[in-house]
Amino acid sequence: MSVFAGSGLGCVRGERPVFRQLSFAVESGTGLTLAGPNGAGKSSLLRLMAGLLQPAAGGLIWDGAAVTDDPEAHRARIAWIGHGDGVKPGLTALENARFWAEIAGATASSAAAALDRFGLAHLADTPARFLSQGQRRRLALARLVVARRSLWLLDEPTVGLDAASVAGFEAVLADHCRAGGMAVLATHIRIAVPGGQVLALGRTPARAAAEAR
Amino acid sequence: MSVFAGSGLGCVRGERPVFRQLSFAVESGTGLTLAGPNGAGKSSLLRLMAGLLQPAAGGLIWDGAAVTDDPEAHRARIAWIGHGDGVKPGLTALENARFWAEIAGATASSAAAALDRFGLAHLADTPARFLSQGQRRRLALARLVVARRSLWLLDEPTVGLDAASVAGFEAVLADHCRAGGMAVLATHIRIAVPGGQVLALGRTPARAAAEAR
Amino acid sequence: MHRFANPARFQRFSAAALPWFAGAAILCLGAGLYFSLFRSPADYQQGETVRIMYVHVPAAWMALFAYLVVAAGSVSALVWKHPLGEVVARAAAPIGAGFTLVCLVTGSLWGKPMWGAWWVWDARLTSVLVLFFLYLGYMALLGAFDDPVRGGRAASILAIVGVVNLPVIKWSVDWWNTLHQPASVARMDGPTIHPSMLLPLLLMAAGFGFYFAAVLLLRVRAELAARRIRALRLAAMEVEA
Amino acid sequence: MTRKRRRLLVLAVALGLLGASTALVLSAFQDSLVFFYSPSDVVAKGPPGDRSFRLGGLVEPASVARSADGRQVTFRVTDGANAIAVAYRGILPDLFREGQGVVTEGRMLADGRFEAREVLAKHDETYMPREVADALKKSGHWKEGEPAPVGGRPAARP
Amino acid sequence: MIGPLRAILLRDLRLALRQGGDAATVVLFFVLAASLFPFGVGPEPNLLARIAAGVIWVTALLSVMLGIDRLFLADHEDGSLEGLLTQPVPAAGIVVAKCAAQWLMSGLPLILATPILAVFLQLPAEGLPAMLAALALGTPTLVLVGAIGAALVLGARRGGVLLALLVLPLAVPVLVFGVAAVDAAVAGLPARPHLLVLGAMLLAALALAPIAAAAALRQALE
Amino acid sequence: MIGPLRAILLRDLRLALRQGGDAATVVLFFVLAASLFPFGVGPEPNLLARIAAGVIWVTALLSVMLGIDRLFLADHEDGSLEGLLTQPVPAAGIVVAKCAAQWLMSGLPLILATPILAVFLQLPAEGLPAMLAALALGTPTLVLVGAIGAALVLGARRGGVLLALLVLPLAVPVLVFGVAAVDAAVAGLPARPHLLVLGAMLLAALALAPIAAAAALRQALE
Ligand code: HEM
Ligand SMILES: Nc1ncnc2c1ncn2[C@@H]1O[C@H](COP(=O)(O)OP(=O)(O)OP(=O)(O)O)[C@@H](O)[C@H]1O
Ligand SMILES: Nc1ncnc2c1ncn2[C@@H]1O[C@H](COP(=O)(O)OP(=O)(O)OP(=O)(O)O)[C@@H](O)[C@H]1O
Ligand SMILES: [Mg+2]
Ligand SMILES: [Mg+2]
């Protein structure tokens, strides 16, 4: 039973503050949905959590220890899916999945199973260049099942997915949490996340005033 | 009162048929939603309509005349927003909008009005590289209001938009149709489109069978 | 399947024509080699070295001709969307590149004893080198895209642009003061080659021409077969359950 | 209709540009592009510094002299009006002979001789067996230094 | 039709300027690459002077070509190109506008930097006017020819190197006549015929390149 | 840790090979750019022989550098880089793996093509072994130094290309010693001291470049 938490986080991007004094906590077996209007800082927060961005204030804590104490251990815990799909058009769907499996130290057979899980089995030998937007996104999500990491960090994971695939993704997420994993995801649509915790990032009062002008 | 129609359309991409024998008709003042699972061919159909792709069979007709008779006149009718945003990170939001206004032969002041319409007025002088995913998409959509074209062709226009912005976009779309415009859009979420016509692209029976394996 | 209707007819024609072209090539090349090596006289200036001509000149002509074929195929593919055009262009390019290479190599082998240099940067030689690189660029472009259809189209555009090089090659010897000699055969006032040397030359040229036609047909047939297989495989992927 | 007109316009512009381009090329050739200097050029303008350059013309008949080992050659290059002495050490191309065109590359020496680093032989486009050439010369159809006729026709090379 | 083209030209110029020193980059590459030669060849003045024209031209060619693979790339990747080609503006016009901007940001600064480089490489002074005239006629040709290549390789793998392979052979004649013009001027002969040929090539490129590049762009979007 | 790096190396090689003749493209550029020089400089054999070593080195440098700006670009743009840098694998290791693949697809074929070019440019035969040894030591250094530039370019908002240019001066010492080694061999002197310096530079690059490039990559993802 682990806990991933952040306290008093502040984020500055391009010399502008995005949010400040932000805190959260996620436990094994549950997820956290980041909600909020465009520009609220959902993506920024996720990047902080992944260690791609350094917080301007505050810190992240895993089971009581600061994440910055051992960033490599933190990276061994997380699976990151950002806006890009990380899919190479020149490789087949299976080769793409297998690459990420090897990177994560998983077996090649787990890659095939992951494709199956996301309804891509029939496209396994198709070069990824022939995949449509949504198929490509599903191929990216397949990485999650391959790398057995405990903390999933997902930036708008269901962009471009059709309704059936969104449901499939929700099932995968539920399985992950049932197995003791946790997930933080940013989304604009409703995704069923175990635990149902939502962190609403909002406009700061100052920003809201600026927009109201 | 114009009609934009396609009959018996077939599309081949990368030597594979995507769909065949597809027909549709849109009238002034209404819209057409393209729906269907990932890989059904929504984007491909939109590219056909924009003249970016040539149909393998069938043809497109505007008010009784084949579109291929005068592609330039057709291009003068359409406004295209594809998957890419066409936003230059180095220019400010306003400069971006103004560029597309000049390209469409509109006045520079209309660009500022368009930004306002999409809730970006307070970001007008911000370089586009600082915009979040959703803000950038809204900036792309602002092109629609600037270029007064009668046929909007939109590929997943609301990707990344927050709920409020989706509602705002629906209002813009309604205004456009009320003024006699028409729109064809592909989407996976529910967007209120005047007329409410939906074209469901499906898996071909064969493809569905293959995926069911 | 309408796309392959025309090629199907072509397959039938080519199956019938192929043996004839191949036979003619063997005959002409055999006779040509015999005459050029054993029966034709030495030149009054160049001596025995002149025999390089019987390979160099036909190779040079075919290098130009093959490029014309590539360009014509590209035009018919781009403008008239003829399904065979691109296949023919694709098939002709490597053969043409081969002829160009032969022309370059025999030319420099000939240049050393005659001119005193393997290579000089005169307009004829330079423009032939450019032709060689055009062939290479065409072939590189064909394979440079994930989507073979796109590669074909991009390469076709290049092939058409490259046509401007052909008149430069042909008339460079007249426009500039090149080290390479002006035309001896294809000239307004008739050939300046003695008939005893012209005959083997023309025989060899005919042999090279038939060889080109035969290999071209072969490669086109192979490409069409490969396409059919790809189409069948895709269809099978669709139907397969 | 507008589309056709626009296409015609594009075509007309493109053809016009190509036409102008051809005109420029032709006028350039009237100025005659020089790739080597003739002896008269060198006499008139003086040698182009101590840079090496190409000197071209005909090998003056009866001007070729070889050293004992046959490696050092001197000859004169002429264009009819002027002639320049050339010294060369090395292997001459097979086609090098008196009356034949040559292009030599090298630089002027202080004594007014041209020291060649490379000698290239130019030749014309006539090909015939030796006997035919001899017969033509014997019959007086062809004089030394003239373009060679083939089949009784004089070759049309100026 | 002029309005949109002007807009494209101005936007490209603004982007280039705002990125702080794109023009400076071309010039710097030009100067740097050319100054590699004294290192590579040794600083012997005679030798340098002899190869100066060639080195300046070769590096000018390489530096114009260096940036050109990006001519349509950014627009292709961010969707601008689709946006432009679905406008009622002739695609050939778009190509011309973009080439003009590209030349203003690469060819022109390069010409302005040439006199310095000429001193550095000890090009004889008589050759400089011919060099500048030849560059003024030749660099736009190189940009136009490069535009064909840039449009052809859009979406290809390793576009940059492939582009070089396609375009360098076509650029060789420009180089040959450019050098010939300078050499003629240094030798006291008229450079005019060579410059005329360069002008002819520019006109031919103006006639053919926009059409070919436009066709290539359209097929790149398929 | 070795598993992931091997995976990266193999993937990059497979991507390059699947593209059919990517290595060939680098070599072709190399040959093409080098053969521009006879056009520019004139065909005088003595002159060519004297500048041959310099020309081969300068073009080798340019062709290694030409493709290298894309070393991390595709991975950056499609999100792979984020994926890789959020793995428990040292970023420096990722850099090394990618550089190895890049060298195998550019430096190695280039070395194999050098003998042909040497004949073409009339490099004296005594210089060839030294040239090959120098290239074998120098091209990996160039790739490593180029990787720093490639990583810097990703992140830099302003003047990214300008930063890449800073790499070129760093590459100059490689060029200088590479040419010196060949010149020494041609002159009948031992090339060994120059080669030793090249080796030292390779080791230094191996020590520093991965760390510097890794830092730049992290920066780029901020
Ligand atoms: C690498 C060097 C050379 C190249 C690239 C080259 C290229 C060519 C080309 C492209 C043609 C065909 C021109 C046409 O169809 O009008 C040709 C024709 C010819 N070449 Fe060469 N050549 C080279 C060297 C030589 C040499 C050294 C000789 C003789 C000493 C020579 C003699 C001829 C002859 C006799 C023809 C036939 C002319 C005709 O069309 O009537 N070539 N060469
Ligand atoms: N690379 C960047 N450099 C500087 N500022 C940035 C950068 N990326 C985003 N920002 C700024 O940070 C703020 C938060 O951006 P972020 O991408 O985190 O928003 P978001 O909540 O993910 O929005 P969206 O729902 O549109 O994706 C934005 O207002 C934006 O202006
Ligand atoms: N550039 C391409 N080359 C070859 N095939 C392609 C290409 N783009 C798409 N396809 C194929 O065409 C089919 C239709 O793709 P398209 O992008 O039109 O689907 P879509 O309906 O837009 O899907 P999505 O909802 O995922 O965006 C896909 O199955 C895909 O395999
Ligand atoms: Mg976001
Ligand atoms: Mg789509």
Side-chain angles (χ1 to χ4, degrees), chain A residues 11-15 43-44 46-55 70-92 95-96 98-108 111 127-129 136-137 139-140 143-144 146-147 149 151-153 155, chain F residues 1-23 25 70-98 101 105 151 154-158 214-222:
Chain A
C11 173
V12 175
R13 301 202 68 175
E15 300 178 339
S43 304
S44 306
L46 278 170
R47 295 181 88 82
L48 279 185
M49 294 179 179
L52 291 171
L53 209 63
Q54 295 310 312
D70 188 352
E72 193 132 339
H74 185 61
R75 289 208 292 275
R77 285 192 283 266
I78 63 171
W80 162 269
I81 308 272
H83 192 260
D85 292 330
V87 165
K88 293 289 171 195
L91 303 179
T92 66
E95 284 170 338
N96 268 296
R98 225 189 270 143
F99 169 68
W100 288 106
E102 283 169 35
I103 291 287
T107 62
R129 76 179 93 103
R136 211 170 287 194
R137 191 66 181 163
L139 183 50
R143 270 148 62 181
L144 292 173
V146 173
R149 300 286 166 80
L151 173 59
W152 290 1
L153 301 172
D155 197 356
Chain F
M1 195 199 119
I2 295 303
L5 301 189
R6 213 194 48 153
I8 295 173
L9 175 67
L10 290 180
R11 180 195 63 160
D12 276 18
L13 286 181
R14 179 179 295 166
L15 277 173
L17 289 176
R18 191 149 308 168
Q19 284 153 19
D22 252 9
T25 322
R70 311 224 167 150
L71 185 56
F72 303 111
L73 199 64
D75 281 351
H76 182 54
E77 279 172 357
D78 69 10
S80 299
L81 198 58
E82 291 178 359
L84 290 175
L85 290 190
T86 50
Q87 300 289 338
V89 179
I94 295 173
V95 172
V96 171
K98 287 195 74 76
M105 299 318 292
L154 286 187
R157 301 231 162 85
R158 301 195 128 237
L217 284 184
R218 289 220 169 276
Q219 183 80 42
L221 288 185
E222 284 247 319

Problem - Proximal component of A:Arg149, with respect to chain F [non-hydrogen, under 4.5 Å] - result: side chain
Fill in the blank from the handout: Applying a strict 4.5 Å limit to non-hydrogen atoms, the region of A:Arg98 in contact with chain F is neither
Handout entry: A:Glu95/F:Arg14 ion pair, N-O < 4.0 Å
Key = yes
Practice task
Please state whether the side chain, the backbone, both or neither of F:Ile8 comes within less than 4.5 Å of a heavy atom of chain A.
Solution key: both
Problem - Side chains of F:Leu84 and A:Trp100 in contact at under 4.5 Å (non-hydrogen atoms) - result: yes
Exercise for the section: Answer whether the closest heavy-atom distance between the side chains of F:Leu221 and F:His76 falls below 4.5 Å. Expected result: yes
Problem - Atom pair CG (A:Asn96) and CG (A:Leu91), whose distance is rounded to the nearest 0.5 Å - result: 5.0 Å
